[in-house]
Amino acid sequence: MATISNLGSKQILPFIQSPFWDGLDKICKGVDFIDLAAGFPDYLPPDAIRQALVHATESKMLHQYTRGFGHPRLVNALAKIYSPILNKKINPVEEILITGGAHESLYCAIRGFIDIDDEVIFFEPAFPSYYNMITMAGGKAVPLILQPPNGSKSEFSSSQWILDIDKLENLITSKTKLLILNNPHNPLGKVFTLDELIALSKICIKNNLIVLSDEVYEWITHPPHKHIKIATLPGMWERTLTIGSAGKTFNVTGWRIGWTVGPKSLLSYAKTSNQFSSYIQPTLLQEAVAVMIENEAKILGTKDSFFTKFKQELNKNLVLISKELLELGFIVHFPQGGYFITVNISKFIEKDVGFHFSEKDGSKGFQFLKWMKITEYSEIFLQVRKKILKIKTNSLAIIWLDLIYLDIGAKRSEAFS
């Protein structure tokens, strides 16, 4: 006889567990640990967006419901800034959806397209929610591992993680419906080249695949790299949904405002999914984001643009933190874009330092973190922290997976200086 506790959906049951970050918190308990792995800054957002929010609170109507699928001022602002980038006049009503963060944009698109046993291809390492969302929708997650660089160097570029087009083609079956592209890539920071995007577009057109392009880090590229939207390539607008994020764009991750841009024929499925979940996002927050985007559209590409200044700050942080990590003996993979530095821990596994990986004890990175906590090698934590604190522009903490992902966008050192 069924009990109350096991009457839940079989699609949800496998995912009922403590979140990944809870496990990290338990491991780090008792350690003076600063978490930079979550991908959020800890300083104030730009003055303009905060002032816009304060001003919005003075309007009585902005405290009420706004239009479902997106506040009019925000969808119009997004259409204005994206139309020249996409080389297409975007219809703000039909071709833009505002969601509860980019995370919900992903969820609504996947729920809108995936039927039982449909296959979805994405590139690993990957944002963990891809796999979970696909599986919960009844689909089959089909990861393709980006090939890591070989060699004994201590420095690599995220561009050296190779997309194997032949392997991708071999993964496609009659059940493949969707390809998720994350560009710039989280966590590697890889910015896909025009040649790579052209090769992907040809495969998608040939096999009639929909592309879900997760571009939440689109405004964060490190010189000289340029971000290219796959939707701008021939034949791709009509088969691509592109996702963006106010949180990642303007340092307001707690506002949970995201968006999806794409043709009406595709966006209608994501809209329907959204209509029966969150449906309407906070009006005040959408208004403030709209004002910020309107301001940026006027100065885009200039030295006064927030995007320009933010990229310069992150690039400075990247150089400073990478230098310290290299001195401590880590193998650093320099990102072309995004918030994160990827660090390889294989040197510590290869050395005779007492760390031994067990296949049965879960993530290699979590095991490494536990080991460092209880041995003299915890001194590495202290060395990194001490050096970064001296810089006074960043602090540093590490999440240990098979690779390490470090957020270069935060300034948590202020709390410890």
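A quick note: this is a predicted structure, and the numbers were derived from the prediction, not measured.
The number of heavy atoms from other shown groups lying within 6.0 Å of NZ (Lys88) is above 12. More than 12 heavy atoms of other residues, nucleotides or ligands lie within 6.0 Å of NZ in Lys311, so this atom counts as buried by the packing criterion.
In this view, Ser277 and Glu104 satisfy the side chain to side chain donor-acceptor pair (under 3.5 Å) rule, not counting sequence neighbours. Remark: Thr240 engages no residue in a side chain to side chain donor-acceptor pair (under 3.5 Å) (not counting sequence neighbours). Under the rule for a side-chain contact (heavy atoms from CB on, under 4.5 Å), the partners of Lys323 that lie at least two apart in sequence or sit in another chain are Glu327. Shown here are the side-chain contact (heavy atoms from CB on, under 4.5 Å) partners of Thr272, two or more places apart in sequence or in another chain: Phe276.
Here CZ of Phe156 is found 7.5 Å from CG of Asn150. Values are rounded to the nearest 0.5 Å. Note: Glu215 CD to Ser105 OG = 12.0 Å, rounded to the nearest 0.5 Å.
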Validation: residues 49-61 side-chain donor-acceptor distances under 3.5 Å, sequence neighbours left out:
{"from": "Arg50", "atom 1": "NE", "to": "Pro45", "atom 2": "O", "distance (Å)": "3.1"}
{"from": "Arg50", "atom 1": "NH2", "to": "Asp47", "atom 2": "OD1", "distance (Å)": "2.3"}
{"from": "Thr57", "atom 1": "OG1", "to": "Val54", "atom 2": "O", "distance (Å)": "2.5"}

What donor-acceptor contacts under 3.5 angstrom involve side-chain atoms of residues 126-135, with partners at least two apart or in another chain?
{"from": "Ser129", "atom 1": "OG", "to": "His103", "atom 2": "NE2", "distance (Å)": "2.8"}
{"from": "Tyr130", "atom 1": "OH", "to": "Asp214", "atom 2": "OD2", "distance (Å)": "2.6"}
{"from": "Thr135", "atom 1": "OG1", "to": "Tyr131", "atom 2": "O", "distance (Å)": "2.8"}

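In terms of heavy atoms, Ser158 sits closest to Gly189 at OG-O, 3.2 Å. The heavy-atom pair separating Arg67 from Pro72 by the smallest distance is CB-CD, 3.9 Å.
With Thr66 as reference, Gln286 is the one residue of Gln286, Gln281, Arg73 to meet the side chain to side chain contact (heavy atoms under 4.5 Å, CB included) rule. Applying side-chain hydrogen bond (donor to acceptor under 3.5 Å, both in side chains) to Lys190 and the options His333, Glu196, Gln336 leaves one that passes, Glu196.
Remark: Lys80 does not engage Glu294 in a salt bridge, criterion side-chain N to carboxylate O under 4.0 Å.
Using a 3.5 Å distance cut-off with no hydrogens or angles, the side chains of Glu119 and Thr173 do pair a donor with an acceptor.
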Applying side chain to side chain contact (heavy atoms under 4.5 Å, CB included), run through His63 and Leu284 and close with a yes or a no. CA-CA 6 Å; His63 289 274; Leu284 287 170; 3.8 Å; yes
